[in-house]
Enquirer: 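Here it is, the structure in full.
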Amino acid sequence: MGIGMIAAAWVLVLGLLTALLGYWQESQYDPNGMLEGQTLRGGVREVQLKQNREGHYVARGKINGAPVRFLLDTGATDVSIPSGLAGELGLERGPAQSVRTAAGIITTYATRLDRVSLGSIELRDLRAHINPHMRSGEVLLGMSFLKNLELVQQRGLLTLRQHPIGS
């Protein structure tokens, strides 16, 4: 009985340490968690992102109300969605198009996004593509989204601001 209790205690301790290590690794990759954002004077919406250990900006947001994880990519022309995730989101696959990537020219499929939100920032009717070559579940948040914002990067912090239309 005593040996069984000791073994059970060790299993519990190892399970807790494994869970804590997983949480720590996740927080190192995505230090931003679920974003709130804020609305400033004049209706300016602002979100601040911390850079992860790899130098990337990763954050959770929503596409058409469904939660997703974004990897901000100023080198991507459009928002790029892995095909598996696009299916889960119910996105329609439009015409095929050739896209130049770092890995060469690939075929993607045009689509439109009704709403994309990152914290308090929300944009509507965005151009995107479904990418059958992406293996991760992350969405590349490209310039079809980012070009509508003011971006300021300073000391590992990226501030995104959405100004009201017409200002």
Enquirer: What about Ile121 and Leu151, same hydrophobic cluster or not, with Ile/Leu/Val/Met/Phe/Trp/Tyr joined at side-chain heavy-atom distances under 4.5 Å?
Expert: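 As far as the 4.5 Å side-chain criterion goes, Leu151 and Ile121 are connected within one cluster.
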Enquirer: May I ask you to decide whether Asp114 forms a salt bridge with Arg124, counting only side-chain N to carboxylate O separations under 4.0 Å?
Expert: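 No, this pair does not count.
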Enquirer: Provide the closest heavy-atom pair for Ala86 versus Ile81 in the form atom of the first, atom of the second, distance.
Expert: N-CG2, 3.8 Å
Enquirer: Minimum heavy-atom separation for His163 and Val44, please, with both atom names.
Expert: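 That would be ND1-CG2, 3.5 Å.
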Enquirer: Are any side-chain N or O atoms of Thr111 and backbone N or O atoms of Glu92, one a donor and one an acceptor, separated by less than 3.5 Å?
Expert: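 A pair under 3.5 Å: yes.
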Enquirer: Which pair of non-hydrogen atoms, one from Ile105 and one from Ser98, has the smallest distance, and what is that distance?
Expert: CG2-CB, 4.0 Å
Enquirer: Mind checking what makes side-chain contact (heavy atoms from CB on, under 4.5 Å) contact with Leu157, not counting sequence neighbours?
Expert: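 Per chain and number, Leu157 pairs via side-chain contact (heavy atoms from CB on, under 4.5 Å) with Gln48, Lys50.
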Enquirer: Test your reading of the model: is there a side-chain donor-acceptor pair from Asp78 to the backbone of Ser80, 3.5 Å cut-off?
Expert: no
Enquirer: What I'd like to find out is whether the side chain of Val139 reaches to under 4.5 Å of the side chain of Val79, using heavy atoms alone.
Expert: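 Val139 vs Val79: side chains touch.
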Enquirer: Start with the C-alpha distance between Leu91 and Leu113, add both sets of side-chain angles, then the distance that settles side chain to side chain contact (heavy atoms under 4.5 Å, CB included), and finish with yes or no.
Expert: CA-CA 8 Å; Leu91 299 177; Leu113 305 176; 3.8 Å; yes
Enquirer: If I compare all heavy atoms of Arg93 with all of Ser83, which pair ends up nearest, and what's the gap?
Expert: NH2-CB, 4.1 Å
Enquirer: Rounded to the nearest 0.5 Å, how far apart are OH of Tyr57 and CG of Asp73?
Expert: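 Going from the OH atom of Tyr57 to the CG atom of Asp73 covers 13.5 Å.
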Enquirer: With ILVMFWY side chains joined below 4.5 Å, transitively, what does Val99's cluster contain besides itself?
Expert: Ile106
Enquirer: What verdict does the side chain to side chain contact (heavy atoms under 4.5 Å, CB included) test give for Thr108 and Ile130, after you've listed the backbone C-alpha separation in whole Å, the side-chain angles of each residue and the deciding distance to 0.1 Å?
Expert: CA-CA 6 Å; Thr108 62; Ile130 298 169; over 6 Å; no
Enquirer: Out of curiosity, Glu122 CD to Lys62 NZ, how far, rounded to the nearest 0.5 Å?
Expert: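 Answer rounded to 0.5 Å: 9.5 Å.
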Enquirer: Using only atom types and a distance under 3.5 Å, with no angle test, would you say the side chain of Asp125 pairs donor to acceptor with the backbone of Arg115?
Expert: no
Enquirer: Measure the spacing between CG of Leu49 and CZ of Phe70 and express it to the nearest 0.5 Å.
Expert: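 Reported value, rounded in 0.5 Å steps: 11.0 Å.
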Enquirer: As an exercise, state the distance from CG of Leu141 to CG of Leu71, rounded to the nearest 0.5 Å.
Expert: 9.0 Å
Enquirer: Got a second to check how far Asn64's CG is from Leu126's CG, nearest 0.5 Å?
Expert: 9.5 Å
Enquirer: Got a donor-acceptor contact below 3.5 angstrom from the Arg161 side chain to the Glu46 backbone?
Expert: no
Enquirer: Atom CG of Leu118 and atom CG of Leu149: how far apart are they, to the nearest 0.5 Å?
Expert: 8.5 Å
Enquirer: Can Leu72 and Leu160 be said to form a side chain to side chain contact (heavy atoms under 4.5 Å, CB included), step by step?
Expert: CA-CA 11 Å; Leu72 278 69; Leu160 299 103; 4.1 Å; yes
Enquirer: Can you name the closest pair of heavy atoms from Ser136 and Pro82 and give their distance?
Expert: O-CG, 3.1 Å
Enquirer: Looking at every non-hydrogen atom in both residues, tell me the closest pair between Ser144 and Arg127 and how far apart they are.
Expert: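 For Ser144 and Arg127, the tightest heavy-atom pair comes out as OG-O, 2.8 Å.
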Enquirer: Evaluate the criterion side chain to side chain contact (heavy atoms under 4.5 Å, CB included) for residue pair Asn148 and Gln162; output intermediate values, then yes/no.
Expert: CA-CA 7 Å; Asn148 298 290; Gln162 178 185 25; over 6 Å; no
